[in-house]
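Have a look at the structure below, then the notes.
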Amino acid sequence: MGYDAVVRVEHLTQRFGKRTILHDISLDLQRGEILGLLGPSGAGKTTLVRAIAGIGEYSEGQIAVLGERMPSLRVVQRIGYMGQADALYQDLNGLDNLTFFSDMYGVSKKRRSSRIEEVLELVQLTPDAKRPVHTYSGGMRRRLSLAIALLHEPDILILDEPTVGVDPVLRKNFWTEFRRLQAIGVSLLITTHVMDEAEHCDRLGLIRDGRLIALGKPSELKEQADSQSMEDVFLHFGGVQA
Amino acid sequence: MRTLSLTKRLIKQIVRDRRTVALLFIAPLFILWLLSLVFTANDTKTTFDVIGAPAVVLDKLRETGATVAEVSLEAGKERLAAGETDAYLEFALPKVNVVLEGSDPLANRAVMQTVQMAMQALVPTNGVVKQFLDVTYLHGGSTLTMLDYFAPVLIGFFILFFVFLISGVSFLRERTGGTLERMMATPIRRHEIVFGYFFGFGLFAVLQTTWVQWFTLQVLDVNSVGSFGSVLVVNILIATVALSLGTLLSAFARNELQMVQFIPLVILPQIFLSGLFDLRGMPDWVIWLSKAMPLTHGAEALRGIMIRGDSLADIWMPLVILSGYSLFFLALNIAALRKYRKV
């Protein structure tokens, strides 16, 4: 494995009661790469990225982010997390939501308003910032949610299904933004169940039934599976496992 | 710092929700007003006898609109025992012996109000009037009206009820909407969340208490001899218990309806067993259950302040118990958030 891993997961096992959600997962996220986690819903992707983000507990194994064992409040400061739910205060406006979360991340008062303007511009919500969130469309909520994850200029972005329910144009914009962040050295961990989206990632982990069934560059995985479509790749590795 | 931001955000959310604001500030007044109608209706239409009253006093008594008859002591006693009158006043100056029928607090209040109204016209200071009056009861009873007796408990109850419901639901929304998880993905500490909630809802509890108390004392004319500040202290403690209990129980509710379902289970028993109704003669287990309920102690403290004029030092026991409950529930809240993040 690489020498510059910002996230290192070793033998992670997660159980809820008698059910085992994650089986002995080991993977790493390199500095400045986009690592995708592909798998059907219920495969355990969310549980995995939540554990990496420092939320919830895990039963066995180790998670180290930026060299520190998770959960660690110091490291949490350098992670941007966007969950599957939009996690917004519906009764407040976009600006209020951003202000609140920038306080949570400890963005300094001086930096706050200019930073909020920046992220609003980035997700093209500047004209709607003063509208209550419950009047937003689904896509706008998604964009605001992403803006919140970017507020404190994190080194690592953990995005759980960021493009679910997002129209193709907006999805393209999201990926342009992810690439831009990558270019300035941000490492991204993105889960998805959309096969063609997976091909945009530098490396890809395939997850099924709580197991990491393959990990590698999309081109390598395709080669190994002797196939051109991601769907076939997934079926190939899934089939081998079963 | 984060606690303060969280507090500010909660305040903003509540203020923007007009209906919740109305629930906090209008509903208690409406209920109290209805109760005041029920408990104080016809308070001057009373019937009593006087024995040996000076003419000037008799005139003043008649001016109040009460049915007043001049009789002998024997006749007064007989008529009172037969239930024909509400009371008789025996003038043995400088003392006035007021003998009330006593079984109906409404009638007691009516008589006492009439007497006091008449006396006040003659002797302007309230305290002096009370020294002249020697009140006894034929069938026990109390000088207090139902509302005087209920009001302290009700004020405490409103705080308990509204703070419990609103804080519980708002914490539930954080949980189900994913915002709690998102907060947990920031460097906020668990106790900062709990204290942020404490200050945010604490502020509304203070405002609500002040407002409801002003209305009860000034508009509904309920008697309170204690200090406003002391009442506020007790109510903030009750609000803390309600807040911490509400956020704690919201963990066991999956949606708003399930949060509402806690009301008959957790809140209503507290009002029935908090001393609103006489528990003497109840089985031991009911007494114990009542003692286990925070509102019982809150109501006891409030009644002490408002009716008996106790200072905070006099009611240290209920205050300690309420603080104990608050600290216990707050600590449980902080511990319960470990489920989301271990540090």
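Nothing here was measured: the structure is a model prediction, and the numbers come from that model.
Enclosure of atom CD in Glu121(A) is not indicated, since only 12 or fewer non-hydrogen atoms of other residues, nucleotides or ligands lie within 6.0 angstrom. The number of heavy atoms from other shown groups lying within 6.0 Å of CZ (Arg18(B)) does not exceed 12. More than 12 heavy atoms of other residues, nucleotides or ligands lie within 6.0 Å of CZ in Phe228(B), so this atom counts as buried by the packing criterion. Annotation: Arg254(B), atom CZ; neighbour count of heavy atoms from other residues, nucleotides and ligands within 6.0 Å does not exceed 12. Residue Arg112(A) places its CZ atom among more than 12 non-hydrogen atoms of other residues, nucleotides or ligands, all under 6.0 Å distant. Within 6.0 Å of CH2 on Trp211(B) lie no more than 12 heavy atoms contributed by other residues, nucleotides or ligands. Arg74(A) CZ: 12 or fewer foreign heavy atoms inside a 6.0 Å radius.
Of the atoms belonging to Asp86(A), it is backbone heavy atoms, and not side-chain ones, that fall under 4.5 Å from chain B. At a 4.5 Å heavy-atom cutoff, the contact between Met82(A) and chain B is made by backbone and side-chain atoms alike. Interface remark: Asn93(A) contributes backbone and side-chain atoms alike to the contact with chain B (heavy atom separation under 4.5 Å). For Leu6(B), the parts lying under 4.5 angstrom from a heavy atom of chain A are both the backbone and the side chain. For Arg16(B), the part lying under 4.5 angstrom from a heavy atom of chain A is the side chain only.
Looking only at side-chain heavy atoms (C-beta outward), Asp96(A) and Gln13(B) stay at 4.5 Å or farther from each other. The shortest side-chain heavy-atom distance between Met184(B) and Arg50(A) does not fall under the 4.5 Å cut-off.
Heavy-atom neighbours of chain B within the stretch residues 138-151 of chain A, taken at a separation under 4.5 angstrom, comprise Ser145(A), Ile148(A), Ala149(A). Within residues 174-183 of chain B, the residues having any heavy atom under 4.5 Å from a heavy atom of chain A are, by residue number, Glu174(B), Gly177(B), Gly178(B), Thr179(B), Glu181(B), Arg182(B), Met183(B).
Taking all atoms of both residues into account, the shortest heavy-atom contact from Pro187(B) to Val76(A) is N-CG1, 3.6 Å.
Per-residue heavy-atom pair counts under 4.5 Å with chain B were compared for Asp91(A), Ile79(A), Val75(A), Leu88(A), and the maximum is reached by Asp91(A).
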### Task
Test Met104(A) against Glu192(B) for side chain to side chain contact (heavy atoms under 4.5 Å, CB included), laying out the working first.
CA-CA 10 Å; Met104(A) 291 298 102; Glu192(B) 289 177 318; over 6 Å; no
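For the atom pair OG1 (Thr186(B)) and CG (Leu73(A)), the distance works out to 8.5 Å, reported to the nearest 0.5 Å. We find the OH-NZ distance between Tyr89(A) and Lys12(B) to be 12.5 Å, quoted to the nearest 0.5 Å. The distance from the NZ atom of Lys8(B) to the OG1 atom of Thr99(A) is 9.5 Å, given to the nearest 0.5 Å.
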